[in-house]
There are 2 protein chains.
Amino acid sequence: MPVPSDRLASVSIRDVASEAGVSHQTVSRVINESPSVKESTRQVVLDAIARLDFRPNRAARALAGGPVQSVTVLTSNTRQYGFAAALEGIEEATRAAGFALGVRVVESGTPGDVRDAVERAIEPAGALIVIAYDRAGIAALRAVPPDVPMAAMVETPSGDEAAGKPWVWFDDRKAARDATNYLLGLGHKTVHYVSIPSSTSTSQRMLGWRSALEDAGVSVPKPLQAGWDPQSSSQAAQHRLTRDRKVTAVLCGNDDLAIGVMRAMHQAGRAIPDDVSIVGFDDTPLAAFYIPALTTVRQDFAALGKACFAKLLSLLDANASQDAHPWPQAELIVRESAGPPPLPRQRANGQSGSVRAGTGAGGRPRRAPGTRSPAPAPAASSGVGPEQTRKTAKGVSR
Amino acid sequence: MPVPSDRLASVSIRDVASEAGVSHQTVSRVINESPSVKESTRQVVLDAIARLDFRPNRAARALAGGPVQSVTVLTSNTRQYGFAAALEGIEEATRAAGFALGVRVVESGTPGDVRDAVERAIEPAGALIVIAYDRAGIAALRAVPPDVPMAAMVETPSGDEAAGKPWVWFDDRKAARDATNYLLGLGHKTVHYVSIPSSTSTSQRMLGWRSALEDAGVSVPKPLQAGWDPQSSSQAAQHRLTRDRKVTAVLCGNDDLAIGVMRAMHQAGRAIPDDVSIVGFDDTPLAAFYIPALTTVRQDFAALGKACFAKLLSLLDANASQDAHPWPQAELIVRESAGPPPLPRQRANGQSGSVRAGTGAGGRPRRAPGTRSPAPAPAASSGVGPEQTRKTAKGVSR
DNA sequence: CGCGCTATTGTGACCGGTCACACGATCTCT
DNA sequence: AGAGATCGTGTGACCGGTCACAATAGCGCG
């Protein structure tokens, strides 16, 4: 049991060396797991290390050109759910790997700012993870010099744009398709879309929505452009959605936008899901607790963040586990905010879409589609939340 | 205009020195703003620095014992609103000050884990900011060796416990008092309290609530202990609040708990705010968009985070602005989730519409902490959100 | 004119690691 | 038995800053 000893007086590699009766270089070899150290000396050194409670000094190591052991995350935001959850996942992964983690936000997409942010981010760490879900993030991604080890979380790329790039993403297109099909399957004549700002000109999420509508031979309404927050979607909805009785289903780019739309609908006196169905994206921790609980496409950003770090690690460490770390998949979580459209002629069996709407194919539960009516209300202890059916909307793997 | 030059080949202090025709030490003096450099040479050096696009290497500086220019935030969480917002504020402040920012989460309060986390956090940075809102955070705070520069965000301390300590906090006690009084002022017979986990045994927030009740000569119900998430409060509420028609007002330790309670009430068939009033804490960005919109005590964590960093800076830099940086104040934001209690004798203005609470000041303001009735309802375009009256609940300054 | 003092600048060691390379001991093979 | 290869280890320089201290210059003054 190592004596706490004096804090502050940090022990160096040479202290360990003399304690173990070897040279400082041998200690260095041991802590770097060099194969060319005899097992017996290795043990002696390890003992000394333990006895002295030695920890290599990151600054010195970085300075001397040792292996990179810290990452900084470059992002345009730290509070929004997707970003924060990604950060959480990355933090956990870095901690597990013994890496230090830095954070730097890049505010605008202005070339000067971006350049500056990128340089400042590179400097203390060496390696970068860029969260590139918006314009600023994308700009940062592009501004990273090619010789800096980096991985990135990006929007679904189109085509083979991402070939060979150290990027990770959710299959937005597929997820949006499935969510749209789910709504169509409920009997809606079409589905409106409220979009988050896309970093690319052709958001795959929007494309997925559109293609689902087209495949169903249904009219494609003009998508609404919103920001990231409920304020923006609420406003957009008030302009274009709220007064039109023909809109009965709205797919939203994230849960916050969904909340904004719900709010706007509510204020306009339209009930959810009876008059209009809403489906979100992300599955915020609170989504299950809204009233009505939000049907949404879950995206496990924390897991994706971990995958992203794993990717970075494989870049850093040539001989690291090179195997394709599968990414998390998006899945549609069916709750209460989407249901059959109001009064449009009875349907035999709400089956028209490719997606089997949960088990609730039966009558036509006006209020909760996939609700295999459990007890009228989750009476007591166990599953308190309004979580309900969950249906994989698939994701991508490699 | 500095030529981009080759990335990677970082320029060092000696490069600058030879470029400027001085010694490396002089360059060091210039970048450290030493007063003993002649103005003319300073200019020459600065020019060279600009020309070469020189940036001091943080690792080298740290290694050589230079001034601390990075902080790491030690927290038990990065996703929860309060923590994430604090982090956001700290990030902004550090960026403005040219500091690098690290993040490390300490998972449990186990002595071993905490010790380890603290050491790992100290090592790369030198300075620490601890977010100590729960047990793990507090444990970390206590585990920080006294010689490490540190500031902390804490729960409201009691008495002069915080005297001389580099801590910042909101005046929870006052805020809870005011919120409770607001509810009493609406006519409720008493107010129930659902608590977040407190890091201290005597949460000042709870004390504020209790003292308000006691001062009003009203019965003090047993507080409910919940966790941080809506799941926990929902569960707690189902056990103890939902079935008792006498509970008409609930104050919640944060907005997520408020959501959980709202959900539980909803499932039990009790309308908000008609049957029961709910008030939260924090003012999450989504609070204004819930249905009904949440009345809550706003706490600007980002601003408090900045104040905390300012405090740290003043510790690091003896001659820094020593003036008492005022902290942000908590304020009660009145929206829709709280209103007069149900049916206790007809009220002049008996409302039943679920969405219009703010107007109900007429009746008999029991101790009405100045609720002025605003416009009936946020009609259309402009202020989309259901924001309404906002009433300072006061905070603390120094 | 020489001395002491201060303002300014330069010199070299050092922080705690790594890298490149040299060195001694074994082992192998002819 | 000696040359070479391999293994295990030690030596010293170096990363890019800072620190402590020396050195030089300029000044006021007796």
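So you know, we letter chains A, B, ... as the sequences are listed, proteins then strands, and number each from 1.
- Nearest to the side chain of Ser12(A), among dG16(C), dT18(D), dT9(C), sits dG16(C).
- Taking only distance into account, the side chain of Arg14(B) meets the base of dG17(D) through a donor-acceptor pair shorter than 3.5 Å.
- Judged by distance alone, with hydrogens and angles left aside, Arg55(A) brings no side-chain donor or acceptor close enough to the base of dG16(C) to form a pair under 3.5 Å.
- Between Val114(A) and Val106(A), the shortest heavy-atom distance links the atoms CG2-CG2, 4.0 Å.
- Ranking dG16(D), dT18(D), dC19(D) by closeness to the Leu63(A) side chain, first place goes to dG16(D).
- At least one side-chain nitrogen or oxygen of Ser23(A) sits closer than 4.0 Å to the OP1 or OP2 atom of dG10(D).
- If you measure from atom CD1 of Ile49(B) to atom C1' of dG16(D), you get 14 Å, rounded to the nearest angstrom.
- Donor-acceptor pairing under 3.5 Å, judged by distance alone, is absent between the side chain of Arg58(B) and the base of dG17(D).
- Annotation: of the two residues near DNA chain D, His24(A) and Glu39(A), the 5′-most nearest-nucleotide partner is Glu39(A).
- When the nearest nucleotides of DNA chain C are assigned to Gly65(B) and Gln25(B) by heavy-atom distance, the more 5′-ward of the two goes with Gln25(B).
- The backbone N or O of Ala60(A) sits less than 3.5 Å from a side-chain atom of Asn57(A), completing a donor-acceptor pair.
- Regarding contacts with the backbone of dT18(D), a side-chain N or O of Asn32(B) is found under 4.0 angstrom from either OP1 or OP2.
- Distance from the side chain of Ala64(B) is smallest for dG16(D) among the nucleotides dG10(D), dG16(D), dT18(C).
- Remark: C1' of dT18(C) and CD1 of Ile31(A) are 9 Å apart, rounded to the nearest angstrom.
- Regarding contacts with the backbone of dG8(D), every side-chain N or O of Thr26(A) stays at 4.0 angstrom or more from both OP1 and OP2.
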Evaluate the side chain to side chain donor-acceptor pair (under 3.5 Å) criterion for residues Arg55(B) and Ser10(B): first the C-alpha distance (whole Å), next the side-chain angles of each, then the deciding distance (0.1 Å), finally the verdict.
-> CA-CA 8 Å; Arg55(B) 289 163 185 273; Ser10(B) 71; over 6 Å; no
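- What separates CD of Gln69(B) from C1' of dG17(D) is a distance of 12 Å, to the nearest Å.
- Atom C1' of nucleotide dT18(C) and atom CD of Glu33(A) are separated by 16 Å, given to the nearest angstrom.
- The pair Arg95(A)-Glu92(A) fails the salt-bridge criterion, with no side-chain N (NZ, NE, NH1 or NH2) lying under 4.0 Å from an Asp/Glu carboxylate O.
- Taking only side-chain nitrogens and oxygens, Ser28(B) never comes nearer than 4.0 Å to OP1 or OP2 of dC19(D).
- Taking atom CD of residue Glu123(B) and atom P of nucleotide dG16(C), one finds them 12 Å apart after rounding to whole Å.
- Residue Ile13(A) contributes atom CD1, which lies 13 Å from atom C1' of dC15(C) at whole-angstrom precision.
- If you take CG of Asn57(A) and C1' of dG16(C), they are 6 Å apart, rounded to a whole angstrom.
- Under a 3.5 Å cut-off, the side chain of Asn32(A) and the backbone N or O of Ser28(A) do form a donor-acceptor pair.
- OP1 or OP2 of dG16(C) lies within a sub-4.0 Å distance of a side-chain N or O belonging to Ser10(A).
- Here the closest heavy-atom approach between residue Arg58(B) and residue Ala100(B) is recorded as NH2-N, 3.4 Å.
- Taking atom CZ of Arg29(B) as the reference point, atom C1' of dA20(D) lies 11 Å away to the nearest angstrom.
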